[in-house]
Amino acid sequence: MDHFQLKDGVLHAEDVSLRRIAEEVGTPVYIYSRATLARHARVFRDALGALDNPHIAFAVKANPNLAVLRILASEGYGADVVSGGELTRALKAGMKPEDIVFSGVGKTHAELLQGLEAGIGQFNIESEEEGYELAAIAQRHGKRAACALRVNPDVDARTHEKISTGKSENKFGVPLDRAADIFARLAREDGLEMRGVAVHIGSQLSTLEPLETAFGKVGALIEELRAAGCSVTHADLGGGLGVPYKAGEQLPSPAEYGAMVARVTKDWGVRLMFEPGRVIAGNAGVLLTRVIRAKRSGNGPPFVVVDAAMNDLARPAMYGAWHDFDAVQPTGDRMTAHIVGPICETGDTFAMDRECDALVAGDLAVFRTAGAYGATMASSYNSRGFVAETLVDGDRYAVVADRIAADAIMDAERVPDWLT
Ligand SMILES: *Cc1c(COP(=O)(O)O)cnc(C)c1O
């Protein structure tokens, strides 16, 4: 459930009319709902109610906006970060260092050091090589890094290939059949406190079976590790729960996920950790756009050209993803159209042959479910600026990320003297 609803015929975020935000901030603009974010955070936590003190770390890459992170921090969430930049953001947003998990296959020396100096709660080590590098840095600085070893369970998450991470051919984690040996060797390093295992098989999962299969393999690994004399006190089950992108679409609920986790992990005797991203933020945001013009083309449906483009919302171009597209003031009339942005690339297509609200030039519309992997993936392709972000709270809203104009981006460019 989200808080983007029609009121008196106009789409609102909570109690703020999207027309008002368009007039005051301009379009395209992302709009997040605080009540929806908080609600999703609570629903997910409640779904894990049968577990003993689970640790929940929001996957910052899904929506790294400082205001969004602040809301989740106040809901008791920690952060799962995958870069030094995300770590800096999580700390700035008020997340406690000990609640931060550092994931990622390519943490640099500088990033490992940054995490150690910040005193983060856990590093999810993705290779034996990374483990030795972290151990050396930790020893040199008189520290001990709490770590989980990320395993690749070779499970097909049955999601889009670009966001599948748990197949043996994917770059993430260490192979399951080598994990026990690697764990035991790393556990002998003075700089490391090897305390757990981690798994994350992909994003936008639409069934629970691949997760259950992966968790089963993690459970077997924990037994194997303990039989070999290793201590395992933590298990990080990652993120990945999908969200409905189409009205009426049925996906496993957080409650079903929580029940499955409780059943599969009941004898593990560890503190469980989670890294949800999309399920918290996805339906807590929309991308508001204005129709530039509708263009007739051949005999097919018209092209509705909107002022948002693939640089603002990359998911359709990148993953062929579907986003529901609705008018801000629907008249009841419908049309079939191709929905495209202005960028000079055919990939800049949000939808083909889409049945949607009838729209004419100047009308406002939203792409729904844009709160995760939306603004964070924006670029300035075609010398378009960076899209603005706003946060609604009841009957008020604030700009939580300024629009960065193309001119400001150009200010960072230099023409060397020897070209003038
Ligand atoms: C992306 C990612 C997540 C979050 O995935 P969602 O599908 O958004 O829940 C969690 N953990 C890791 C390691 C990730 O890379």
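Counting starts at 1 for both ligands and their atoms, following the listed order.
To the nearest 0.5 angstrom, L211 atom CG is 5.0 Å from L205 atom CG. Note: E86 CD to D80 CG = 8.0 Å, rounded to the nearest 0.5 Å.
Around atom CG of N53, more than 12 heavy atoms belonging to other residues, nucleotides or ligands sit under 6.0 Å away.
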Just the distances, no angles: every ligand 1 N or O to protein N or O pair closer than 3.5 Å, one line each.
from     : atom 1 : to   : atom 2 : distance (Å)
ligand 1 : 7 (O)  : S203 : OG     : 2.3
ligand 1 : 7 (O)  : G240 : N      : 3.4
ligand 1 : 8 (O)  : R278 : N      : 2.8
ligand 1 : 8 (O)  : Y373 : OH     : 2.6
ligand 1 : 9 (O)  : G240 : N      : 2.9
ligand 1 : 9 (O)  : G277 : N      : 3.0
ligand 1 : 11 (N) : D80  : OD2    : 3.4
ligand 1 : 11 (N) : E275 : OE1    : 2.5
ligand 1 : 15 (O) : K61  : NZ     : 2.7

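Electrostatic pairing of K7 and D15 counts as a salt bridge here, judged by a charged N lying under 4.0 Å from a carboxylate O. Electrostatic pairing of E133 and K107 does not count as a salt bridge here, judged by no charged N lying under 4.0 Å from a carboxylate O. For the pair D181 and R178, the salt-bridge criterion is not met [side-chain N within less than 4.0 Å of a carboxylate O].
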